Amino acid sequence: MKTVVKFGGSSLASAEQFKKVSEIVLSDKSRRFVIPSAPGKRFPADIKVTDMLYICYDKAKSGKDIKKDLDGIKSRYQEIIDGLNLKLSLEDEFTVIEKNFKDNVGVDYAASRGEYLNGIVLAKYLDFEFIDAADFIRFDESLALQNNDFDAEATNTMLHKRLENVDYAVIPGFYGAYENGKVKTFSRGGSDITGSIVARAVMADVYENWTDVSGFLIADPRVVDNPKVIETITYRELRELAYMGAGVLHEEAIFPVRREGIPINIRNTNKPGDSGTWIVESTCQKSKYIITGIAGKKGFCAVNIDKDLMNSEIGFGRKVLQAFEDNGISFEHMPSGIDTLTVFVHQDEFADKEQKVVASIHRLAHPDHIDIEGDLAIIAVVGRGMKSTRGTAGRLFAALSFANINIRMMDQGSSELNIIIGVANEDFEAAIKAIYSTFVDSV
Ligand code: ASP
């Protein structure tokens with residue numbers, strides 16, 4: 001049995017948290033590969049080390065004195081080292097870091113030092129080997145045009161080989177490097193991705209992602225009081241919920257493990273007894289509720305486009321979408337009727353370009369009429385259980401109607417995994433509450 005474990009910033013923010021982490025890792029011999037984040041917040045008003053590094057590098061770049069900032073970062077690590085009674089000095093590391101900051105080696109290098117140093121401290125504390133991610137997580141500049149320059153295959157080959165004969169190791173999260181050694185980070189929260197990459201490379205049985213919550217919740221706790229934890233969710237369900245900002249796991253982290261069928265277990269460092277959420281490829285386990293989760297977002301615009309006989313005009317949809325593409329706008333949903341088509345876009349992206357897009361649609365597709373409606377929210381109700389249950393949509397609409405909420409749009413994916421509804425921004429919270437109470441509270 002081989003387990004890869006990733007610990008988030010709050011799990012490694014202080015010596016006290018390090019002790020919990022060590023207990024978790026050492027209590028199970030299969031936990032062989034550990035991926036740390038940089039020290040996070042110790043209390044709500046605290047600053048994450050990664051943010052301190054960004055600020056410090058910014059100052060270095062504009063030629064300002066960074067001594068105080070570097071001392072502040074140093075003291076975060078020293079507090080941990082002292083609290084753990086470790087015989088370890090990071091002086092030499094900080095000398096190199098200071099020089100590199102002054103030489104302006106790059107903002108990614110700067111940010112990556114949070115994970116790098118935390119990896120050194122954790123490896124020492126656990127007595128595991130330290131392996132620098134810069135040597136084995138590979139980025140390739142020639143892939144940059146595709147908006148993602150991570151070289152998954154080269155990384156997998158190198159990492160697999162490097163870890164083949166390693167029993168226990170700490171590999172810092174969040175960064176790798178180009179072939180020429182220049183450090184590159186993933187986007188914020190990217191240690192989750194590193195954990196997934198390592199899990200794939202060693203063909204782990206499980207990828208445990210330890211954080212400060214006991215898994216995914218069925219609904220946003222800011223909207224619903226004390227929502228229940230999702231016990232098991234499939235990768236596909238999570239994708240349907242993740243793009244709405246479920247927030248616990250970096251959305252790119254599922255791809256490396258998903259392709260190998262490795263499950264992810266979200267766990268709580270502060271409550272290790274909780275079983276957390278399992279993210280799996282497929283399961284015959286029925287969830288207790290018909291729905292797995294509800295997620296949503298405010299701030300959408302609906303662009304309604306009408307044209308008589310649209311249904312028989314070949315290429316109409318393509319021309320409409322061309323207008324959005326030409327203006328650099330991605331769309332979220334596109335429900336359609338026989339002579340009408342609606343494109344949902346993010347209002348903040350769309351607002352400035354609105355009239356340009358309208359003009360482009362007219363020029364390219366010659367519609368009869370275009371109508372724009374703003375301040376809409378989209379809510380995704382997701383659940384593998386909906387497929388085999390009759391009346392789900394009916395219950396959903398009844399719940400919303402009972403709560404006096406007008407549905408502006410609805411769209412059920414043909415996979416029957418999700419029902420998407422559009423409501424006014426101001427109805428967003430009430431709609432989620434009504435759905436939760438119908439499908440979860442009443443069970
Ligand atoms: N430390 C990085 C961040 O704050 C990466 C991570 O924590 O996963 O975004």
Side-chain angles (χ1 to χ4, degrees), residues 4-14 17-18 20-21 33-58 69-70 72-74 76-77 79-80 90 93 97 101 106-123 130-134 136-137 139 148-150 155 170-177 183-200 207-213 216 242 245-257 264-270 279:
V4 169
V5 284
K6 180 258 167 180
F7 290 91
S10 59
S11 303
L12 292 163
S14 63
Q17 291 297 86
F18 263 70
K20 293 183 193 166
V21 165
F33 301 99
V34 184
I35 318 300
S37 283
K41 294 184 180 191
R42 291 159 295 181
F43 43 88
D46 202 10
I47 307 180
K48 287 173 156 197
V49 165
T50 309
D51 292 317
M52 295 170 90
L53 287 161
Y54 278 121
I55 294 167
C56 182
Y57 188 71
D58 214 41
D69 299 78
L70 273 182
I73 296 165
K74 219 188 271 182
R76 287 291 311 261
Y77 290 100
E79 189 187 297
I80 295 170
L90 295 177
E93 297 292 347
I97 290 172
F101 271 44
V107 64
D108 284 18
Y109 164 83
S112 74
R113 296 305 86 184
E115 272 69 12
Y116 172 79
L117 294 168
N118 227 17
I120 293 178
V121 178
L122 186 61
F130 172 79
I131 295 178
D132 190 353
F136 301 97
I137 305 256
F139 287 82
N148 182 5
D149 53 359
F150 169 58
T155 298
V170 172
I171 305 150
F174 190 38
Y175 71 93
V183 169
K184 175 80 199 324
T185 60
F186 293 107
S187 53
R188 295 299 303 264
S191 301
D192 286 341
I193 307 174
T194 310
S196 182
I197 291 166
V198 173
R200 176 186 172 205
Y207 168 28
E208 288 178 352
N209 191 296
W210 292 81
T211 174
D212 52 9
V213 289
F216 288 106
V248 177
L249 183 76
H250 193 297
E251 65 174 4
E252 287 165 42
I254 65 171
F255 298 110
V257 283
I264 304 176
N265 187 197
I266 307 285
R267 300 285 293 268
N268 188 346
T269 303
N270 304 319
I279 311 168

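As the structure lists them, so they are numbered: ligands from 1, and atoms in each ligand from 1. As a basis for the values below, the full set of heavy atoms in this structure was taken, side chains included, without hydrogen atoms, waters or symmetry mates. Given the structure is predicted, the values throughout are model-derived calculations rather than measurements.
Of all protein heavy atoms, the one lying nearest to atom 7 (O) of ligand 1 is Ser37 OG, 3.2 Å. Remark: minimum distance from atom 5 (C) of ligand 1 to any protein heavy atom is reached at Glu115 OE2, 3.4 Å.
Here's the thing with Thr50: one of its N/O atoms is less than 3.5 angstrom from an N/O atom of ligand 1.
In this structure, His250 does not count as a contact residue of ligand 1, since none of its heavy atoms falls inside 4.0 Å of the ligand. Heavy atoms of Gly189 come nearer than 4.0 angstrom to ligand 1 in at least one pair. Under the 4.0 angstrom criterion for non-hydrogen atoms, Gly173 is not in contact with ligand 1.
Both the backbone and the side chain of Ser191 come within 4.0 Å of ligand 1, counting heavy atoms alone.
Counting the atoms of ligand 1 from 1 in the order shown, those under 4.0 Å from a heavy atom of Arg188 are 3 (C), 4 (O), 9 (O). Per-residue contacts place Lys48 under 4.0 angstrom from the following atoms of ligand 1 (heavy atoms of the residue considered): 4 (O).
Note that CZ of Arg113 and CD1 of Ile97 are 6.0 Å apart. Values are rounded to the nearest 0.5 Å.
Remark: Ala177 engages Ala134 in a side-chain contact (heavy atoms from CB on, under 4.5 Å) (not counting sequence neighbours).
Nearest heavy-atom pair, Ser191 versus Glu115, reported as atom, atom and distance to 0.1 Å: OG-OE2, 3.4 Å. Residues Ala13 and Arg76 approach most closely at O-NH2, 3.2 Å, considering heavy atoms. For the pair Ala199 and Val4, the tightest heavy-atom approach, listed with the atom from each and the gap, is CA-CG2, 3.6 Å.
Side chains of Tyr57 and Asp108: no donor on one and acceptor on the other come within 3.5 Å.
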List the atom pairs, with distances to 0.1 Å, where a side-chain N or O of residues 5-12 and a protein N or O form a donor-acceptor pair under 3.5 Å, not counting sequence neighbours.
residue: Lys6; atom: NZ; partner: Asp192; partner atom: OD1; Å: 2.8
residue: Ser10; atom: OG; partner: Asp212; partner atom: OD2; Å: 3.1
residue: Ser11; atom: OG; partner: Thr269; partner atom: OG1; Å: 2.8

